[in-house]
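To start, the structure under review is shown below, and the notes come after it.
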Amino acid sequence: MASVSSQPQFRYTQPPSKVLHLRNLPWECTEEELIELGKPFGKVVNTKCNVGANRNQAFIEFADLNQAIAMISYYASSSEPAQVRGKTVYLQYSNRQEIVNNKTTADIAGNVLLVTIEGQDARLVSIDVLHLVFSAFGFVHKITTFEKTAGFQALVQFSDAETATSAKNALDGRIIPRYLLSDNIAPCTLRITYSAHTDLSVKFQSHRSRDYTNPYLPVAPSAIDGSSQFNLGLDGKKLEPESNVLLASIENMQYAVTLDVLHMVFSAFGPVQKIAMFDKNGALQALIQYPDVQTAIVAKEALEGHCIYDGGFCKLHLSYSRHTDLSIKLNNDRSRDYTIANPPLVNPQPSALGQQPIQTMGQASHQYNGTQYAAPGMGQPMMPPQPSAGWGASGVSAVPQSMPAQMTNHNPYIPPASMPQMSHGMMQMPGQSGVPPPTSSMPHFRPNHM
DNA sequence: AGCACA
């Protein structure tokens, strides 16, 4: 026979089949629910759920064609539509005569998860955020990310299938907590299946892949230049070349932002060499200089979109400056060179802040060995997003297994589970003059407490 | 709300 395929895509009358196609199902509809639905009409011999791009379609196959016809006929004339969990589902004959269950991967539990990140800004989700999210369920060995037709995806490797399963059960279909992302990143939903992989091959630490079991793995050369693809302007602005100097714009500046405040905030990520503050179009801006690009990248990633003060005040917007070395003519309340011994001018540099054991950074082979990447002052691995923030990770340890030298989280602003609504990722500052008394119970941002 | 997957 030649082709029969010139039919319209959607036919309103279809030849009967003992297989029915169901749509508009609720998320995560189970086989049991499908069987319940079909049982009154006959024997359901097979089902397939979570079908389609939205995974809200399914098939049920009856033992006998007449049973399928009975079900279609019933709902065709019923005043009550077919429902699953109160949601109307639409039924029609499938254009196939039987369900083929390719139960190969995807349904066989394994230690590696295939994660699809859905959402407008899915590719702005950094591998570090993913690491943080999944670390709530156990030690994450490796992560690789890639783009497929399905979108932005990641493979996340755990020690065992049990851990992977707990993560999958808790996270599948959930969004990445807002407080892990900058304000203006659209919500990102996680779709999780099992991968057939058991051990990912990670050759380099890069912005696409990480091996947390091997901190000495070389860093991909591309990671140095290519990282900014994940530091895209939040509204899709073009790439800026990375720099060791950050340009900070401060929005909604209801409270004073002093040089010392900036110094404290930015010192959490590495030694701040110089700061210059100035006004631009009535808004405060500042240039913050680090000794190396990597530190600036980390600081930018962690701070972008966050607010210095609780309540959405003094929100930081960061970009890379074209400067590489600021010229500070004199130390005053708007500019400071921390690399030269200060004559005791105004406030000498806040004690402890300049005292961090700062190793020389910038050796490419050690870029990801943790000590450098993790913000100083963050002596502990960060608190993970607590499942109670909405993920039903019952019985799952919310604390990530302590990890050896590796990248822990870089985002020092993870609020505890009690603050599930921290959608704009605020941080608290130690009291400074003119600072409103913080009201929340957020963990303190204490860059000066080692 | 519109046909599966490797």
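In what follows, chains are A, B, ... by sequence order, proteins preceding strands, each numbered from 1.
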Show me the donor-acceptor pairs within less than 3.5 Å that the side chains of residues 58-69 of chain A make with the rest of the protein, sequence neighbours left out.
residue, atom, partner, partner atom, Å
A/Glu61, OE1, A/Ile99, N, 2.7
A/Glu61, OE2, A/Lys18, NZ, 3.2
A/Asp64, OD2, A/Asn66, N, 2.7
A/Asp64, OD2, A/Asn66, ND2, 3.4
A/Gln67, OE1, A/Lys43, N, 3.1
A/Gln67, OE1, A/Ala63, N, 3.3
A/Gln67, OE1, A/Asp64, N, 3.2

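B/dC5 atom P lies 12 Å from atom CG of A/Leu114, rounded to whole Å. Going from atom CD1 of A/Ile108 over to atom C1' of B/dC5 covers 14 Å, rounded to whole Å. As a whole-Å value, the separation of A/Gln14 CD from B/dA1 P is 18 Å. Distance CG (A/Leu25) to P (B/dA4): 15 Å, rounded to an integer number of Å. Atom CZ of A/Arg55 is separated from atom P of B/dC3 by 17 Å (rounded to the nearest Å). If you measure from atom CD1 of A/Ile99 to atom C1' of B/dC5, you get 14 Å, rounded to the nearest angstrom. Rounding to whole angstrom units, CG of residue A/Leu20 and P of B/dC3 are separated by 15 Å. With rounding to whole Å, A/Lys48 atom NZ is found 10 Å from B/dA4 atom P.
For the pair A/Arg174 and A/Trp27, the cation does not sit on the ring face, since its NZ or CZ is not both under 6.0 Å from the ring centre and inside 45° of the axis.
Remark: A/Tyr90 pairs with no residue by the ring-ring contact (aromatic ring centres under 6.0 Å, His included) rule, at least two apart or across chains. Scored by the salt bridge (charged side-chain N to carboxylate O under 4.0 Å, His left out) test, A/Arg96 finds no partners at all (sequence neighbours excluded). Among residues two or more places apart in sequence or in another chain, the salt bridge (charged side-chain N to carboxylate O under 4.0 Å, His left out) test is passed with A/Glu147 by A/Arg123. Here A/Arg23 pairs with nothing under the salt bridge (charged side-chain N to carboxylate O under 4.0 Å, His left out) rule; sequence neighbours left out.
Residues A/Gln97 and A/Asn56 each lie close to DNA chain B; by heavy-atom proximity, the contact nearer the 5' end of the strand is made by A/Asn56.
Less than 4.0 Å separates DNA chain B from at least one heavy atom of each of the following residues of residues 61-91 of chain A: A/Tyr90.
Residue A/Arg23 places no side-chain N or O under 4.0 Å from the OP1 or OP2 atom of B/dC3.
In this structure the side chain of A/Leu22 reaches within 4.5 angstrom of the side chain of A/Leu37, judged on heavy atoms.
Of the candidates B/dA1, B/dC3, B/dA4, B/dC3 carries the atom nearest the A/Asn95 side chain, counting heavy atoms from C-beta on.
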